[in-house]
Amino acid sequence: MAVDSPSGVIIVAAVFLHAATTIVFGSDSVLKLERLIPPSHELSLAELRAFDSARHGRLLQSPVGGVVDFPVYGASDPFLVGLYYTKVKLGTPPREFNVQIDTGSDVLWVACSSCNGCPKTSELQIELSFFDPGTSSSASMVSCSDKRCSSNFESESGCSPNNLCSYAFKYGDGSGTSGYYISDFVYFDTVITSTLAINSSAPFVFGCSNLQTGDLQRPRRAVDGIFGLGQGSLSVVSQLATQGLAPRVFSHCLKGDSNGGGVMVLGQIKRPDTVYTPLVPSQLHYNVNLQSIAVNNQILPIDPSVFTIATGDGTIIDTGTTLAYLPDEAYNPFVQAISSAVSQYGRPITYESYQCFDITSGSVDVFPEVSLSFAGGATMVLTPRDYLQMFSSSGSSIWCIGFQRSQQPRRITILGDLVLKDKVVVYDLVRQRIGWAVYDCSLEVNVSATGGGRSKDVINTGQWRDSKSSEIDYYYYLFLLQVAFLLHILLSRNFLHFL
């Protein structure tokens, strides 16, 4: 049935027979038809075509792919939160977990009910959850003989005494976690059009941690686990892309103010001013070739080899790191150049491990601009607020350099949330490149589901997030469409008989 509306032609997707109505073929009968979908859920022709396309893919045993949307919480300021996290639902029935967004690791893991050393409370004002495999009807343990047990190159996989595939991760800050792998369902929103999202689920392998050490034990920034977005086969991106449910590209835009939040999608955020640099091939992390650093347009006297894998761990882009880190050979001239630029405006001081400046004018504008130049001609320009952190002391404004000295003996450069915030960042695993563009992450963005070099229709985040009434369950709508088709057949038969 189609009706006219001010917004154009609206299709009512399904109807149902009233419980008191019966159909008797061979005699006149009156069928009372009522809407099963309320008017607020009516779909336009474009939306129905998109949904039909998704349905046809299902009928052909092809999974439904699109832009996968994950919410973003947290903030970059180390004096406040110091991390960004998202929410993910696992198991049957689904249970929600808060997990840190981490492009520097490959596995999604959450704390298990049997965890030793896991914090019980969090100072982030979130309630911590623990996954219990025994309460999920769809959970199964991954055995040592399962090929997925040896497919992830980041973990130190092994076998527990009861033949469970186990793992152990060690992070750059010295913290660590270990546990075993579980296969269960993960739930997420697949955005089909700017006004239509489907509640989706997929089989998924994730870590169930039963031991945490170091900073992971502390409640100050405690979350339920890690949302690994690396290039390994068990990362969130790889698992969903392998099943045809998401493209092999993801993007984020992390808000840099005290409220934090932002956007994270499995898809490509489209910005005309995005610049790209190639990924270094065959690396565990998102390594890029940083070639030089300039302060006030003056290139610093740093040997470019200190940023490469030829002399160390190279330069890594990592959302799991709050600040930014430089090896000694780069850190010393960097801090010296900034100190010289602001020497007439205040005095240098040390606060904890930070190099800070007590600026009498209080204005951050006295600090110089910093430019990072990469292979391929891409440049990342950092304003003072992109590399400084501010706190007040006795009425003065203390500005601290967010770049830190890399821990010896590692020679590594890490670009963390400090410099990634307030930018669209695109990780294109198909073309093996990373791009960025300065952007106000509180604004809506345009996203396309790009994979294998193909680009689908661009979707606007502002429209789909303002249209929550169009967020539906895929299998529910399949049921409605089948009911509508059945009624069409029954009504046609009855009408012909009546004639």
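Residues: numbered from 1 along the sequence shown. Excluded from the calculations below are hydrogen atoms, water molecules and symmetry mates; all remaining heavy atoms, backbone and side chain alike, are included.
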Side chain to side chain contact (heavy atoms under 4.5 Å, CB included) involving Ile309 - partner list, sequence neighbours excluded: Val280, Gln283, Asn287

For this output row, return yes or no: ring centroids of Phe70 and Phe227 closer than 6.0 angstrom. yes

Give the ring-plane orientation class for Phe367 versus Tyr387, where under 30° counts as parallel, over 60° as perpendicular and anything between as tilted. perpendicular

Do Gln404 and Gln355 come close enough that some side-chain heavy atom pair is under 4.5 Å? no

Would you say Cys115 and Cys112 have SG atoms less than 2.5 angstrom apart? no

Heavy atoms, side chains only, cut-off 4.5 Å: are Ile434 and Ile317 in contact? yes

In chain order, what residues pass the side chain to side chain contact (heavy atoms under 4.5 Å, CB included) check against Lys87, with sequence neighbours excluded? Pro71, Tyr73, Glu96, Asn98

Is any NZ, NE, NH1 or NH2 atom of the basic residue among Glu123 and Arg218 found under 4.0 Å from an Asp or Glu carboxylate oxygen of the other? no

Start with the C-alpha gap between Lys421 and Tyr84, add the side-chain angles, then the distance that decides, and say whether side-chain contact (heavy atoms from CB on, under 4.5 Å) holds. CA-CA 10 Å; Lys421 67 181 186 297; Tyr84 292 92; 4.1 Å; yes

Do Phe206 and Phe131 make the cut of ring centroids closer than 6.0 angstrom? yes

Before accepting this row, confirm whether a basic side-chain N of the pair Asp328/Arg405 lies closer than 4.0 Å to the acidic partner's carboxylate O. yes

Going by heavy atoms in the side chains, are Gln239 and Val205 under 4.5 Å from each other? yes

Are Phe403 and Phe334 close enough that their ring centers fall under 6.0 Å? yes

Is the distance between the ring centroids of Tyr180 and Tyr167 less than 6.0 Å? no

Taking salt bridge (Lys or Arg N to Asp or Glu O under 4.0 Å) as the cut-off, I'd like each qualifying pair that reaches into residues 304-317, sequence neighbours left out, listed once. Asp313-Arg410

For the residue pair Phe185 and Tyr187, does the interplanar ring angle fall in the parallel (under 30°), tilted (30 to 60°) or perpendicular (over 60°) class? tilted

More than 12 heavy atoms from other groups under 6.0 Å of CG on Asn297: no

Does a sphere of radius 6.0 Å around CD1 in Ile299 hold more than 12 heavy atoms from other residues, nucleotides or ligands, not counting ones at 6.0 Å or beyond? no

